[in-house]
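Below, all heavy atoms of this structure are taken into account, side chains as well, without hydrogens, waters or symmetry copies. One-based numbering along the sequence shown.
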Amino acid sequence: MANSARAQSPRDKAEELFQQGRKLIQEGQFAAGCEKLAASQELDPATGTLLNLAECYEKAGHPAQALRTYERAKESAERQGRADWAKFAGDRVTAIAPHVPRARLHVDKGAGLAVELDGKALGNFVSGGELRVDPGPHRVVLR
């Protein structure tokens with residue numbers, strides 16, 4: 001007997017994850033909701049998903065992640081000619097930016113130095129430059 005079920009397309013899976021994420025957020029489960037939205041965005045990048053993800057990060061108390069995601073959403077909306085979404089994202093960037101914690105890392109000999117913040121490589125690291133970070137402890141690794 002042939003199996004009539006077909007594999008779910010990446011777009012269908014992304015939509016399913018998006019809907020699950022929105023439901024979790026409505027239930028106040030922000031960490032799980034943000035994970036679902038991020039997975040949806042990974043499968044099928046979309047400006048609307050970015051806006052929802054940024055709002056989720058904001059509600060979850062991750063202002064630096066929210067700010068970066070709103071910035072990405074604004075750029076994406078501008079490329080798509082979605083002035084309404086671009087304005088919304090820009091307004092959120094303006095509102096959040098002054099309140100995002102910053103860290104500054106000074107290194108005497110920075111030539112050839114690889115820097116990681118919380119397990120993610122920092123490209124184009126400049127000693128003394130500001131890093132936008134979410135509240136809480138962070139791990140910095142220098143190589």
Q.
The criterion is salt bridge (Lys or Arg N to Asp or Glu O under 4.0 Å); which residues satisfy it with Glu75, sequence neighbours excluded?
A. none
Pairs of donor and acceptor atoms involving the side chains of residues 59-69, under 3.5 Å and at least two apart or interchain, shall be tabulated with distances.
{"unit_1": "Lys59", "atom_1": "NZ", "unit_2": "Glu55", "atom_2": "OE2", "d": "3.4"}
{"unit_1": "Arg68", "atom_1": "NH1", "unit_2": "Arg132", "atom_2": "O", "d": "3.3"}
{"unit_1": "Thr69", "atom_1": "OG1", "unit_2": "Gln65", "atom_2": "O", "d": "2.8"}

Q: Can you tell me which residue pairs pass the disulfide bond (SG atoms under 2.5 Å apart) test with a partner in residues 113-143, sequence neighbours excluded?
A: none
Q. Which residue pairs pass the salt bridge (Lys or Arg N to Asp or Glu O under 4.0 Å) test when at least one of the two sits in residues 42-53, sequence neighbours left out?
A. Arg11-Asp44
(Q) For a 4.5 angstrom cut-off between non-hydrogen side-chain atoms, does Leu105 reach Leu122? (A) no
(Q) Under 4.5 Å between side-chain heavy atoms, counting indirect links through other Ile/Leu/Val/Met/Phe/Trp/Tyr residues: same cluster for Ile25 and Phe18 or not? (A) yes
Q | Hydrophobic cluster identity match, Val141 and Leu131, side-chain contacts under 4.5 Å | A | no
Q.
Applying side chain to side chain contact (heavy atoms under 4.5 Å, CB included), can you list everything that pairs with Ala89, at least two apart in sequence or on another chain?
A. Leu51, Tyr70, Ala73, Lys74
Q. Taking only residues two or more places apart in sequence, or in another chain, which ones meet Asn52 in a side-chain hydrogen bond (donor to acceptor under 3.5 Å, both in side chains)?
A. Arg22
**Q.** Residue list, salt bridge (Lys or Arg N to Asp or Glu O under 4.0 Å) with Arg92, at least two apart or on another chain
**A.** Glu58
Q | Contact list for residues 25-36, test salt bridge (Lys or Arg N to Asp or Glu O under 4.0 Å), sequence neighbours left out | A | Lys23-Glu27
**Q.** Residue pairs involving residues 11-40 (criterion disulfide bond (SG atoms under 2.5 Å apart); sequence neighbours excluded)
**A.** Cys34-Cys56
Q: Mind checking salt bridge (Lys or Arg N to Asp or Glu O under 4.0 Å) for Arg139 and listing every partner two or more places apart, or none if nothing turns up?
A: none
Q: Work out which heavy atom in Leu43 is nearest to a heavy atom in Lys13; give both atom names and the distance.
A: CD1-CG, 3.5 Å
(Q) Going by salt bridge (Lys or Arg N to Asp or Glu O under 4.0 Å), name the residues that satisfy it together with Arg82, two or more places apart in sequence or in a different chain. (A) Asp84
**Q.** Gln41 (side chain) donor-acceptor with Ala46 (main chain) under 3.5 angstrom
**A.** yes
Q: Look at the side-chain heavy atoms of Ile, Leu, Val, Met, Phe, Trp and Tyr, link any pair under 4.5 Å apart, and say whether Ile96 and Phe88 land in one connected group.
A: yes
**Q.** Same apolar cluster (I L V M F W Y, side chains within < 4.5 Å links), Val93/Val100
**A.** yes
Q. Is there a chain of hydrophobic side chains (I, L, V, M, F, W, Y, each step under 4.5 Å between heavy atoms) that links Phe30 to Leu37?
A. yes
**Q.** For Ser76, all residues meeting side-chain hydrogen bond (donor to acceptor under 3.5 Å, both in side chains), sequence neighbours excluded
**A.** Thr47
